[in-house]
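Beneath this line is the structure, given in structure tokens, with notes to follow.
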Amino acid sequence: MNTSNPTTISTAAAAIKPDFSATLLDLFPAILAGLIAVLISYAGPMLIVLQAAQVAKLTTAQTSSWIWAISIGAALTGGWMSWRYRIPVICAWNTPGAALLVTGLASVSYSQAIGAYIVAAAIIFLIGSTGVFETLMSKIPKSLCAAMLAGILFRFGVDVFANARSEVAGAPYLVTAMFIAYLLFKRHSARYAIVLTLLSGVALWGALGWGDVANLNTAATLSWHLGLTMPVWTTPEFSVSAIISLGLPLALLCLTGQQVPGVAVMRAAGYESAPTGKLVAGTGLVSLLLAPFGSHGVNLAAITAAICTGPEAHQQPEKRWVAGVACASFYLIIGSFAGSLTRLFLHLPHALVTTVAGLALLGAIQTGLVNAMNEPAEREAALITFIVTASNISLLGLGSACWGIALGVLSYYLLRVKANAR
């Protein structure tokens, strides 16, 4: 015989509901921070990946697989490590590396690039798992690393204003309007500036057709269907020239331009006890496993991590790990439908894509230049690194990033020897 009191059951249920609502309301800022981090990643850095895919003449399936791999990789690493260590671990893809690939993929085959990705991921994993992460970084002056980063990203900032000379109907007006919108949004809310600028550009394109090539019908162009992405396996081919020109710079850019700043952001937010070696090794391992599907590298995030590790995510630091899990969940959802997302973004006008990408990277360019010139004794070597890297030269099968850091290090040590001799 059931002796349960219906009044007692209903009272207990009523008590649980407010508790759940209160918990959800309490954690909502952390969830929102995770969503914003993902939107910023797709609004800017992901468009650089699409540019690189177009340069490499990848098929839509290969491009979708690339986005699927880096999205799922960021979701798996960030979600698991946030849950495991109860700290907000925000992961993303190697944005400076993607910028390098915009020019680098033009000179190597895709299978050779995959081989270079595997080598780069293996280097990251070994450096993280053996505990030599910080030791290795100390060998290369931080100013030179910052200069190389700024040099790689510099052309994306230049492209924003180069679009003003575009002969495509309405493109100069679109770029001008987006730039002004960006400044206004940045003035009132820096956190949402890139997302709102992208939405503004899409609205202007949809309403006025600015930036359309050959007056394409925008409404028809925007037609797309939602479907799960099927990853595409590419058998790697290991080439010495590809490893030197792509693999090594990718690893170096990942370590100096992403992993080191990512760790710095976490420590600045008070998470000084974070197991940095394990975090770096974890991203390297996942990158290694997903490389044959197109992943050029998954790493700790820096810019978007600042959103999820600060007080905006939650006033209590011990609850901010929820932002990491939320960010990973949104990556997982969007990454699963990467094919549909790719088709949508590939329809966007070139001027819109390059403008958003360039504006999204202004902060990284500024930080790179400031850090490059921070040490007076290293400024000339850093300047050489920046100029050579930004020149986009390719010599003996090696890209400008490799030559930039090589000549920068040579200049640094030679000039330091001369200074010490005085």
Side-chain angles (χ1 to χ4, degrees), residues 19-46 49 64-95 191-192 194-195 198-199 226-231 258 262 265-266 269 271 274 278-279 282-283 285-287 289-290 293-295 297-342 344-345:
D19 288 343
F20 175 77
S21 299
T23 301
L24 184 62
L25 184 62
D26 178 52
L27 297 178
F28 182 74
I31 298 173
L32 180 61
L35 176 60
I36 293 173
V38 171
L39 289 179
I40 290 176
S41 294
Y42 283 106
M46 194 275 285
V49 172
S64 300
S65 180
W66 185 352
I67 298 175
W68 174 89
I70 57 179
S71 300
I72 299 302
L76 293 176
T77 52
W80 165 249
M81 291 190 290
S82 294
W83 176 270
R84 171 67 177 81
Y85 300 111
R86 288 299 193 272
I87 56 177
V89 181
I90 309 302
C91 294
W93 45 90
N94 187 352
T95 301
R191 180 186 298 181
Y192 306 102
I194 293 300
V195 174
L198 172 62
L199 294 177
L226 192 65
L228 289 172
T229 296
M230 294 298 295
Q258 300 281 179
V265 168
M266 296 181 65
Y271 301 99
K278 293 181 179 179
L279 300 184
T283 58
L285 178 60
V286 171
S287 299
L289 296 176
L290 293 175
F293 300 102
S295 172
V298 175
N299 46 250
L300 300 176
I303 298 173
T304 51
I307 298 173
C308 298
T309 57
E312 298 85 358
H314 204 285
Q315 291 299 321
Q316 302 178 35
E318 64 272 13
K319 293 185 178 181
R320 295 174 192 165
W321 65 271
V322 176
V325 175
C327 180
S329 300
F330 290 122
Y331 269 134
L332 184 63
I333 294 171
I334 298 177
S336 298
F337 298 94
S340 303
L341 184 68
T342 301
L344 178 62
F345 275 95

| Any side-chain heavy atom of Leu228 sitting closer than 4.5 Å to one from Phe337? | yes
| message | In the structure I gave you, are the side-chain heavy atoms of Val89 and Leu300 within less than 4.5 Å of one another anywhere? | response | yes
| From CG (Leu290) to CG (Leu285), nearest 0.5 Å | 9.5 Å
| field | CG on Leu289 to CD1 on Ile72, rounded to 0.5 Å | value | 13.5 Å
| ring pair (Phe, Tyr, Trp, His ring centres under 6.0 Å) assessment of Trp321 paired with Tyr271 | CA-CA 11 Å; Trp321 65 271; Tyr271 301 99; over 10 Å; no
| said: Could you report the tightest heavy-atom contact between Arg320 and Thr309, atom names first, then the distance? | reply: NH1-O, 2.8 Å
| message | Tell me the closest heavy-atom pair linking Ala301 and Ala92, and the distance in Å. | response | CB-CB, 4.0 Å
| request: Answer whether the closest heavy-atom distance between the side chains of Phe330 and Ile31 falls below 4.5 Å. | output: yes
| remark: Correct closest heavy-atom pair for Gly78 and Cys91 would be N-SG, 3.7 Å
| query | Side chains of Leu279 and Tyr85: does their closest heavy-atom pair fall under 4.5 Å? | reply | yes
| said: If I take atom OG1 from residue Thr229 and atom CD1 from residue Ile67, how far apart are they, to the nearest 0.5 angstrom? | reply: 8.5 Å
| request: Of all the heavy-atom pairs spanning Ser295 and Val298, show the shortest one and how long it is. | output: OG-CG2, 3.9 Å
| note | All heavy atoms of Gly324 vs all of Ser82, minimum pair found to be CA-OG, 3.4 Å
| message | To check you understand the geometry: which heavy-atom pair defines the closest contact between Cys327 and Ala37, and what is its length? | response | SG-CB, 4.3 Å
| said: Quick check for you: to the nearest 0.5 Å, what is the distance between Ser329 atom OG and Ile334 atom CD1? | reply: 11.0 Å
